[in-house]
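What follows is a single structure, written as structure tokens, with notes after it.
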Amino acid sequence: MTQERDNQPSPASARAEIARQKMLTAALDVFGRYGFDGASTRQLTEAAGVNLQAIPYYFGSKEGLYIATAEYLMMRINTHVGDMRARVGAHLLALDAAGKPLGEAEARQFLTEILQTMVTLFVGKESESWARFLIREQMEPTEAFTRIYQGLMRPMIEMGRRLIGAILHEDPASEHVRLRTFTLLGSILVFRVAHAAVLAQMEWDGVGPEQVETVRGLAAELVDAIGPLNGGAA
């Protein structure tokens, strides 16, 4: 019984973790809307419902909060894609160790799963603040982008290249496969970054479960359509 009590967080540490999480959630939205320079410490703390001293106390500085927010975003996204990425990655490593090639059918299956997971993740309401933060970092990259790219984006992009390379029977490192990978990813991300235009053109009032399933079906169609044109590179 004593050991169980010792393993429980103290009330003070539990309150501190709650405050820290509130700040990170609020910072993701505020930084996404106004950028690092445009977001004031007062805006950040008011959005989180904490006092001004909370930023230096928990994060050292506004810069520290910004980097922590990027890492928090990676953690949130990894809760959705981490298991899938680990499973597909382990399978690819096992094939490499056995000296076996990745089959086209299996590559399409994995790629469909990845794209449909992206749809569920980025087309829904939850990802609005994520997209704002990521788009700002794409336009004016900082240390936060470096961390997000190395820890999350690069592994997923390179996995996509490996799968598309197997489908096209081309070198995943080739310029053509790299371009095809970004084109395919962009076909999904457009539903988030061009959200207003999508709603207007599709005459949707919003994006709910029905719309998400429609786009998931489109993702499967896009993977099915991958292939060289006229027997050559497309």
Side-chain angles (χ1 to χ4, degrees), residues 24-39 47 66-67 69-82 84-85 111-161 163-164 175-226:
L24 290 169
T25 301
L28 187 55
D29 181 62
V30 174
F31 281 134
R33 290 180 185 276
Y34 304 106
F36 178 81
D37 292 330
Y66 191 75
I67 294 300
T69 301
E71 292 175 343
Y72 173 68
L73 174 56
M74 284 196 292
M75 180 196 73
R76 293 282 297 275
I77 294 175
N78 265 322
T79 61
H80 295 271
V81 305
M84 175 193 65
R85 189 176 82 176
L111 191 59
T112 299
E113 182 180 359
I114 289 171
L115 286 192
Q116 290 185 331
T117 301
M118 285 181 59
V119 169
T120 303
L121 181 60
F122 285 109
V123 175
K125 181 77 173 175
E126 183 182 5
S127 67
E128 285 184 7
S129 61
W130 306 358
R132 293 191 191 101
F133 191 96
L134 290 170
I135 289 169
R136 283 187 175 276
E137 281 297 318
Q138 292 289 326
M139 300 299 292
E140 297 181 5
T142 69
E143 172 63 22
F145 169 75
T146 301
R147 298 194 184 203
I148 294 170
Y149 176 74
Q150 294 294 341
L152 181 66
M153 296 175 68
R154 180 177 177 177
M156 291 300 295
I157 292 169
E158 291 182 351
M159 184 176 289
R161 284 169 42 194
L163 299 174
I164 291 173
E175 182 179 76
H176 178 239
V177 170
R178 292 171 192 259
L179 289 171
R180 289 292 292 264
T181 302
F182 280 115
T183 300
L184 186 62
L185 295 176
S187 298
I188 299 303
L189 294 176
V190 69
F191 288 92
R192 168 51 63 202
V193 300
H195 185 70
V198 169
L199 293 183
Q201 278 291 313
M202 297 304 300
E203 300 181 354
W204 291 342
D205 294 329
V207 176
E210 182 180 349
Q211 288 74 28
V212 169
E213 282 306 308
T214 297
V215 181
R216 282 173 59 89
L218 172 65
E221 290 182 29
L222 291 172
V223 174
D224 287 342
I226 294 175

Check whether any side-chain N or O of Gln211 sits under 3.5 Å from a backbone N or O of Gly208 as a donor-acceptor pair, and report yes or no. yes

Smallest separation among heavy atoms of Ala39 and Val30, with atom names: CB-CG1, 3.7 Å

Heavy-atom check, side chain of Val119 versus side chain of Phe191, under 4.5 Å: no

So which heavy atom on Arg132 is nearest to which on Gly32, and how close? CB-O, 3.5 Å

Where is the tightest heavy-atom contact between Phe122 and Arg192, given as atom of each residue plus distance? O-NE, 3.0 Å

Which pair of non-hydrogen atoms, one from Gln116 and one from Ala220, has the smallest distance, and what is that distance? NE2-CB, 3.8 Å

Do Arg178 and Glu175 meet the salt-bridge criterion of a basic N to acidic O distance under 4.0 Å? no

Keeping Arg85 on the side-chain end and Ile114 on the backbone end, is there a donor-acceptor pair under 3.5 Å? no

Under 3.5 Å: donor-acceptor pair, side chain of Ser129, backbone of Asp29: no

Check the surroundings of atom CG in Asp205: do more than 12 heavy atoms from other residues, nucleotides or ligands lie under 6.0 Å from it? no

For the residue pair Phe36 and Phe31, does the interplanar ring angle fall in the parallel (under 30°), tilted (30 to 60°) or perpendicular (over 60°) class? parallel

Are the side chains of Met118 and Leu189 in touch, meaning some heavy atoms are under 4.5 Å apart? yes

Any chance OH of Tyr34 has more than 12 other-residue heavy atoms, nucleotides or ligands included, within less than 6.0 Å? no

